[in-house]
Amino acid sequence: MNHLKKMSEFNHADLLVIRKNLVHWYDACHRHLPWRENADPYRIWVSEVMLQQTRVKTAVPYFLAFVEAFPTLEDLAKADLEQVLKLWEGLGYYARARNLHKAACRVVSDLHGRIPSRFSDFTALPGVGDYIASAVLSMAFGQAHAVVDANVKRVLARLLCLDVPVNLSSAHRQFQTIADSLLDRNDPGRFNQAVMELGALVCTPAVPACSVCPIADNCCALSAAQIQTFPLRLKTKKIPCHRISTGIVIKNGKLLVTRRKLSGLLGGLWEFPGGKRLKGETARAACIREIKEETGLDVSISSFLTRIKHAYTHFKIEMDVFYCDYMSGEVTLNGPIDYQWISLPEIQRFAFPKANLKFIPLIDQTLNARKVS
DNA sequence: AAGACGGGGCA
DNA sequence: TGCCCAGTCTT
């Protein structure tokens, strides 16, 4: 750390070299991804939404299925939210899907189906922030907006030995200013993708491949042998673990599923009813109580199915899943916005959270036969 | 300015 | 396990 010379900006000569080397490297080494086949702003938009906090490898199959189902923005606007969520099932951050669908509807109804070419008009749409607007406008329309994502921040932090943590919200403006100064305005879309591609393929978080980096000569962190020091990052807090009870309520061979409210965690998804265990409460008691509270039904536990562990961003859950027999009562929803009694094969028509998808394959295929006998 | 919001992959 | 990822919205 002794001889580390920190910088807050590039000098002009470095700028030219970095731009040239970066773009040449990108042309030679970039991946061939489905949203790079053309400059269709709709496809680029969809891809950028899916890529938020999500790796390329994860997003690709979702992207292909999504544009297959909705080839154009008009097709997306015409679709039901439930259908959109089903295509998003398992991808996470479901507000992205709700916002993208709402934005598509708004573009069609208010903007003649035209994706805004003005930055401020674009960011006025739900789910479109600085990053999405910069990415789509630069890649589809060639506008000079620098993207700042996690890749860009990591690359810049290393190039300049930046002192500020990348996950400090107040530092974002500083990264944006630096990215703007580095942007190659001759081809902003290609340059933006080049920086992000470098972050994804070469300047990776754990073990960067500095030996093949096209801008290694300009890297402050590398020259100071401090690659592992950057980027700086604030420590994250420990997350709590909740104990959940979930019931597969069976009535005449049909299963009860409920739909979560549109806002908040897993908004709009379907699930098997249940909820958090209270202090000192048994898993079975919590299952019966939660189902009564959410649906108004009285049930009894018939057997234990399995225990599921699942991690969210801010907490973990340990979920005990029980088979329940319907006893009495009519459905009166308190919390969920909808419910249905469904047969086992019908499950695949609904979008479920991952925690539910982990136990759904275990549900006994002979449920119907057993109940009849 | 901090917290909410999913899920997967990797060391 | 803990970290981190082509961010945005709410409070």
Side-chain angles (χ1 to χ4, degrees), chain A residues 30-31 33-36 44-63 85 88-100 102-103 122-136 138-139 145-155 157 165-173 175-176 179 189 191-201 203-208 228 231 233-241 260 262-269 271 308-317 351-358:
Chain A
H30 73 77
R31 293 165 291 182
L33 302 171
W35 48 85
R36 286 178 175 161
I44 294 173
W45 185 4
V46 171
S47 75
E48 295 299 346
V49 173
M50 287 188 170
L51 287 165
Q52 287 174 33
Q53 302 291 289
T54 306
R55 288 185 166 73
V56 165
K57 187 173 182 181
T58 304
V60 165
Y62 283 90
F63 176 84
L85 285 173
W88 215 271
E89 182 185 51
L91 193 54
Y93 285 153
Y94 299 95
R96 295 183 296 175
R98 302 194 304 271
N99 285 332
L100 180 59
K102 186 185 291 185
F122 204 174
T123 56
L125 293 170
V128 180
D130 286 357
Y131 170 79
I132 297 267
S134 298
V136 175
S138 67
M139 294 172 200
H145 301 282
V147 295
V148 177
D149 73 333
N151 287 307
V152 174
K153 285 182 176 176
R154 185 173 57 256
V155 169
V166 286
N167 59 341
L168 182 68
S169 58
S170 58
H172 187 83
R173 177 154 214 82
F175 283 101
Q176 182 71 61
F191 179 83
N192 277 335
Q193 294 189 76
V195 185
M196 292 191 286
E197 195 80 341
L198 188 80
L201 300 182
C203 196
T204 51
V207 188
Q228 71 288 351
R233 182 173 286 276
L234 262 33
K235 290 186 290 285
T236 56
K237 284 184 272 190
K238 287 202 194 310
I239 61 176
C241 181
R260 298 175 65 92
L262 266 5
S263 62
L265 185 72
L266 307 168
L269 297 197
E271 66 182 0
I308 299 295
K309 293 187 178 200
H310 192 72
Y312 296 88
T313 308
H314 291 285
F315 59 91
K316 294 181 284 191
I317 61 170
F352 284 91
K354 200 68 183 182
N356 278 220
L357 293 176
K358 285 179 177 176

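Side-chain atoms are counted along with the backbone in the values below, which use heavy atoms only and exclude waters and symmetry mates. Labels below follow one simple rule: chain letters A, B, ... track the order of the sequence lines, proteins then strands, and each chain is numbered from 1.
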- First encountered from the 5' end of DNA chain B, between A355(A) and K237(A): K237(A)
- Query: Distance between the P atoms of dC3(C) and dG3(B), in whole angstroms?
  - Reply: 16 Å
- Query: Hey, does R154(A) reach any base, or is it just sugar-phosphate, or nothing, if we go heavy atoms under 4.0 Å?
  - Reply: sugar-phosphate
- Message: Any base atoms under 4.0 Å from D130(A), or only sugar-phosphate, or nothing? Heavy atoms, all strands.
- Response: sugar-phosphate
- Output all residues satisfying ring-ring contact (aromatic ring centres under 6.0 Å, His included) with Y62(A), sequence neighbours left out; order by chain, then residue number. none
- Message: With heavy atoms of chain A within less than 4.0 Å as the criterion, where does contact along DNA chain C begin and end?
- Response: dG2(C) to dC9(C)
- How would you list, by chain and number, every residue that makes a salt bridge (charged side-chain N to carboxylate O under 4.0 Å, His left out) with R36(A), sequence neighbours excluded? E197(A)
- Query: Nearest nucleotide by nearest heavy atom, which residue falls closer to the 5' end of DNA chain C, L33(A) or K309(A)?
  - Reply: K309(A)
- Item | Rounded distance in Å between the P positions of dA6(C) and dA11(B) | 15 Å
- Query: Base, sugar-phosphate, or nothing for T236(A), non-hydrogen atoms under 4.0 angstrom?
  - Reply: sugar-phosphate
- ring-ring contact (aromatic ring centres under 6.0 Å, His included) partners of F63(A), counting only residues at least two apart: W35(A)
- Item | All ring-ring contact (aromatic ring centres under 6.0 Å, His included) counterparts of F122(A), not counting sequence neighbours | W45(A)
- What does V128(A) touch in the nucleic acid at a heavy-atom separation under 4.0 angstrom: a base, only the sugar-phosphate, or nothing? sugar-phosphate
- Message: Over all strands shown, is A135(A) touching base, sugar-phosphate only, or nothing at heavy-atom distances under 4.0 angstrom?
- Response: nothing
- Task: Pick base, sugar-phosphate or nothing for R36(A), based on heavy-atom distances below 4.0 Å to the nucleic acid.
- Result: base
- Item | Student check: side-chain heavy atoms of K316(A) and H310(A) closer than 4.5 Å | no
- Query: If we take the C1' atom in both dG9(B) and dT8(C), what is their distance in whole Å?
  - Reply: 23 Å
- Under a criterion of less than 4.0 angstrom to any heavy atom of chain A, what are the 5'-terminal and 3'-terminal contacting nucleotides of DNA chain B? dA1(B) to dG8(B)
